[in-house]
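These numbers were taken from a predicted model, which means no experiment stands behind them. FYI, side chains are in, hydrogens and waters are out, and symmetry mates aren't considered; it's all heavy atoms of this structure.
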Amino acid sequence: PALAALALAGPALAQQPPGPERGERMFERMCADADARLASRLAFVEAKVKPTAAQRGAWDAFARDSRQAAAPMRALCDNPPARAADNDAAAALARRERFVTAMGQSLAVLRPAVERFQAVLDDSQKTAFAEALSPGRGGHGRHFR
């Protein structure tokens, strides 16, 4: 699950042709249906990990934190930076910097959430959790490895 970062940025990293439109397409794909993708990824992880009744509180906290981690990326989608002119390298870097900063803010919330939830899992659940978050697993978790 991109959970936060992954739900928002996962599809943005699909192969795109080079050129100035690439960034625009990536940004549009990242923002499209982000809330639905996050909900889907959380449901996917929950189904794979199968938290027990005793782990339900930790799962709920993880899901809450995952949604909270999406906030910086969602804010970027709600207030996108202007596209830089093709000949303005500084503006293009500033736009990328906003994206990377938002991603970093998301990951700063998500990583500790993953650590806290992982700490309550048994070994088989940890394996399922890692697999659910790893690249190439049903399109989920592209940013975790």
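Side-chain contact between Val114 and Phe129 is present, with at least one heavy-atom pair separated by less than 4.5 Å. Under the 4.5 Å side-chain criterion, counting only non-hydrogen atoms from C-beta, Arg98 is in contact with Asn79. Side chains of Gln118 and Phe62 form no contact here, defined as non-hydrogen atoms less than 4.5 Å apart. Trp59 has its side chain out of reach of Val120: every pair of non-hydrogen atoms, C-beta onward, lies at least 4.5 Å apart.
Annotation for Arg116: atom CZ counts as buried by contact number, over 12 foreign heavy atoms lying within 6.0 Å.
For the residue pair Gln55 / Thr52, a side-chain donor-acceptor distance below 3.5 Å is found, with atom types taken as modelled.
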Verdict with supporting geometry, Arg64 and Asp60, side-chain contact (heavy atoms from CB on, under 4.5 Å): CA-CA 6 Å; Arg64 180 198 64 233; Asp60 292 342; over 6 Å; no
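Remark: the backbone N or O of Glu131 is paired with a side-chain donor or acceptor of Ser134 at under 3.5 angstrom. Between the Ser106 side chain and the Ala70 main chain, no donor and acceptor come within less than 3.5 Å of each other. Counting only distance, with no hydrogens or angles, the side chain of Arg74 and the backbone of Gln68 share no donor-acceptor pair below 3.5 Å.
Cluster membership check: Val100 shares its hydrophobic cluster with Leu76, using side-chain heavy-atom separations under 4.5 Å among Ile, Leu, Val, Met, Phe, Trp and Tyr.
Note that the CG atom of Asp88 and the CZ atom of Arg95 stand 12.0 Å from one another [nearest 0.5 Å]. Within the model, atoms OG1 of Thr101 and CE of Met73 stand 10.5 Å from one another, a figure rounded to the nearest 0.5 Å. Note that CG of Leu110 and CD of Glu115 are 10.0 Å apart. Values are rounded to the nearest 0.5 Å. Separating the CZ atom in Arg41 from the CG atom in Leu133 is a distance of 11.0 Å, to the nearest 0.5 Å.
Closest approach of Cys77 and Pro80 over heavy atoms only: O-CD, 3.4 Å. When all heavy atoms of Pro51 and Glu46 are compared, the pair lying nearest together is CD-O, 3.5 Å. Of all heavy-atom pairs spanning Val45 and Ala132, the tightest one is CG2-CB, 4.1 Å.
Comment: Asp35 does not engage Arg67 in a salt bridge, judged by the lack of any side-chain N to carboxylate O separation of less than 4.0 angstrom.
Among Thr127, Asp123, Leu121, the one residue that satisfies the side chain to side chain contact (heavy atoms under 4.5 Å, CB included) test with Gln125 is Leu121.
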